[in-house]
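When a ligand or atom number is given, it counts from 1 through the structure's own listing order.
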Amino acid sequence: MSIENEIEQLSEQLESYNYQYYVLDNPSVPDAEYDRVFQKLLALETNTEGHPLPSSPTQKVGGVALSKFEQVTHEIPMLSLDNVFEAQALKDFMKRAQDKSTSAEIEFCIEPKLDGLAASIIYENGVLVQAATRGDGQTGENVTENVKTIKNIPLKLRGENIPARLEVRGEVFMLKAGFAKLNKKLMDAGEKPFVNPRNAAAGSLRQLDSKIAASRPLAFYCYAVGVFDGELADSQFARIEQLRGWGLPVSEEVKRVSGEQACLEYYQSITVKRPNLAYEIDGVVYKVDNIALQQKLGFVARAPRWATAFKFPAEEAITTVENVEFQVGRTGAITPVAKLKPVFVGGVTVSNATLHNKDEISRLGILVGDSVVVRRAGDVIPQVARVILEKRDAEKCKAIVFPARCPVCDSEVERIEGEATIRCSGGLFCGAQRKEAIKHFASRKALDIDGLGNKLVELLVDHSLIKSPAQLFNLTATQVSSLPRMGDVSAKKLINSLQLSKKTTLARFLYSLGIREVGEATANNLANYYKNIDALKDASVENLQSVSDVGEIVAKHIYYFFRQEHNIEVVNQLLDAGIHWPEIKTASQSELSLTGQIFVITGSFTRLTRAEIKTALQDKGAKVAGSVSKKTTTVIAGEAAGSKLTKAQELGIAIMDEDALMNLLNNL
Ligand code: IVH
């Protein structure tokens, strides 16, 4: 075989690998095989006289750096799109298109609006000869060398009936994952990261050194044809399919639908898909599908009448911080909230954004009076993304001062060393905590009081009918039915479900008290361990730590809770109101023979799972810890036990194998 033939054959092989990998997203050979063929081709090309072909797969890695980009005049201007932001404007657009048509319902080609930058690529006889940016629409920059390095762009088209000359237009963009990696790399190298994938794509495409462009994770999707010689299909969708057939990359999300309803449904469904797409999109483009109808509709100014973009609401907007207020939550946590000049962002008007805590405030470096970027993506709570320091008027800005007393009940504020959050110490006395405490008390996983939702709790407290959870049980139907929007029937129902809720379990009751850090699971463990409320009330911090999953901090919260007189009062009132639960059988001394012992389980076992061993030990009163320390009593070591076993040996801690464990459990 002649060298020329061999070069041709290897090139074809690599083109096919590239196509499978980058366009079809379906790799056909391992990377090593690709590299092998690539190196072989490279070696042949360097050994031959003359230059490698401009369309050779070896040309995809970038070459010499340019000193500047040449200008390119677009033979057909590159237009932009009109934007609409609401369903009605989209319907108006469709109606105008429909009015020019004779068919009952016209078809639309719907495409995601890719968030990158437009580019034009010209193929002559199927070979990529020129690529340019959109520029001002008339003239752009010649970025051929960079575009050739974009992985999913073929240097040569494949298939049949390729026009002798074909200009494809589309969007150069960066995949979200590639963007994150690139930014990490830039930051690791002490360089400034890009603000978003769009800027990163633009910055990368405009690199004079195509080797740098080649190293950037750029991608391209076609969405239109510019100039062409010969015949093309007569609809946008069919043209897109033709481009796909010639090996050009096209978004998977392009669809053809007819009628308004289907267009709006597409918008809804892509909104849901959006966070999971591999690339950023900022809206949906609706194009009249039929090319003849497109021509009939024509253009206005710089945009076609046959296409429009339905943009997603902007996710970032600029506004000012007018004030910072402090909100008190159920556990007394005091959260700073920025009061913003109302601004429309992410589809809603936003006037509050949480600032979380002191750490977040220092991170943002935010002052009252600052101009800030507010971000709301999807259903996410609005956040202050950053402060615009350039806009700061130092004279008008004020530092954010944390309150020394609770803004709701004026109790002292607790500051815990090393914790960013501050808390009100007022407990159930604090109006803010009171409402939340009662809501929590009534919630599904707590006493599960049917018909007592958050709104009703607020009404009851606001109308001074109750001040504490215990007072719920003194309510009468007459009192409840006097509240706005409460009839006799619902009032009676509530009284009835309050009665029913009195029969509960100790675990639910403990959970309902809203002790800090005591969730459902911990409440369960506490109930199983102490079996009755008095034993728990009297437990020491140390003893509490024998309960599974209770560490020092949680133990302190529980201990502290039962040392507050008003909390004891609430517990007693609740018990007096008739809350009760089935007695939990108290284990005899012999059953609790492992009390005070701390076990660590490591390795794998044949007769019991680790979870079963854990429960069995806990049932006997033992505590099961996750790591070995001096406090550990015994390490249960199964098959393939590793570092925990070694550590136990080093510390001289008793070690038990599976047999010994079974013996222990069976004989206790
Ligand atoms: S068609 C004559 N289709 O949006 C129509 N544009 O605002 C020209 N864009 O400059 C554009 N995705 O950069 C079209 N599927 C899509 C698009 C799209 C993104 C960008 C493109 C254009 C801008 C117009």
Atom 8 (C) of ligand 1 sits nearest the protein heavy atom Leu79 O, 3.7 Å

To the nearest 0.5 Å, atom NE2 of His356 lies from atom OG1 of Thr335 at 9.0 Å

Atom 3 (N) of ligand 1 has as its nearest protein heavy atom Lys287 NZ, 3.0 Å

So the atoms of ligand 1 within less than 4.0 Å of a heavy atom of Pro112 turn out to be 12 (N), 15 (N)

To the nearest 0.5 Å, atom OG1 of Thr308 lies from atom CE of Met94 at 9.0 Å

Going by distance only, is there an N or O of Trp306 that falls short of 3.5 Å from an N or O of ligand 1?
no

closest protein heavy atom to atom 12 (N) of ligand 1 is Leu114 N, 3.1 Å

For Ala118, the atoms of ligand 1 under 4.0 Å from one of its heavy atoms are 10 (O), 13 (O)

Main-chain N/O of Leu53 paired to Ser56 side chain as donor or acceptor, under 3.5 Å: no

*asked:* One pair to check against salt bridge (Lys or Arg N to Asp or Glu O under 4.0 Å): Glu322 and Lys341. What are the steps and the verdict?
replied: CA-CA 6 Å; Glu322 295 184 324; Lys341 183 158 182 254; over 6 Å; no

Query - Short N or O distance, Glu171 and ligand 1, threshold 3.5 Å exclusive - result: yes

protein heavy-atom neighbour closest to atom 4 (O) of ligand 1 works out as Lys113 NZ, 3.1 Å

Here the atoms of ligand 1 under 4.0 Å from any heavy atom belonging to Val285 are 15 (N), 16 (C), 17 (C)

For atom 5 (C) of ligand 1, the closest protein heavy atom turns out to be Leu81 CD2, 3.8 Å

protein heavy-atom neighbour closest to atom 15 (N) of ligand 1 works out as Glu111 OE1, 2.7 Å

CD (Gln9) and CG (Leu44) are apart, to the nearest 0.5 Å, by 11.0 Å

Rounded to the nearest 0.5 angstrom, the OH-CG distance for Tyr221 and Leu114 is 8.0 Å

closest protein heavy atom to atom 21 (C) of ligand 1 is Tyr223 OH, 3.0 Å

Nearest heavy-atom contact between Glu316 and Val373 is OE1-CG1, 3.6 Å

min-distance protein heavy atom vs atom 2 (C) of ligand 1 -> Pro304 CG, 3.6 Å

| request: For residues Val284 and Thr271, determine if any side-chain heavy atom of one lies less than 4.5 Å from a side-chain heavy atom of the other. | output: no

Worksheet item: Under 4.5 Å between any side-chain heavy atoms of Glu280 and Arg198, yes or no?
Response: no

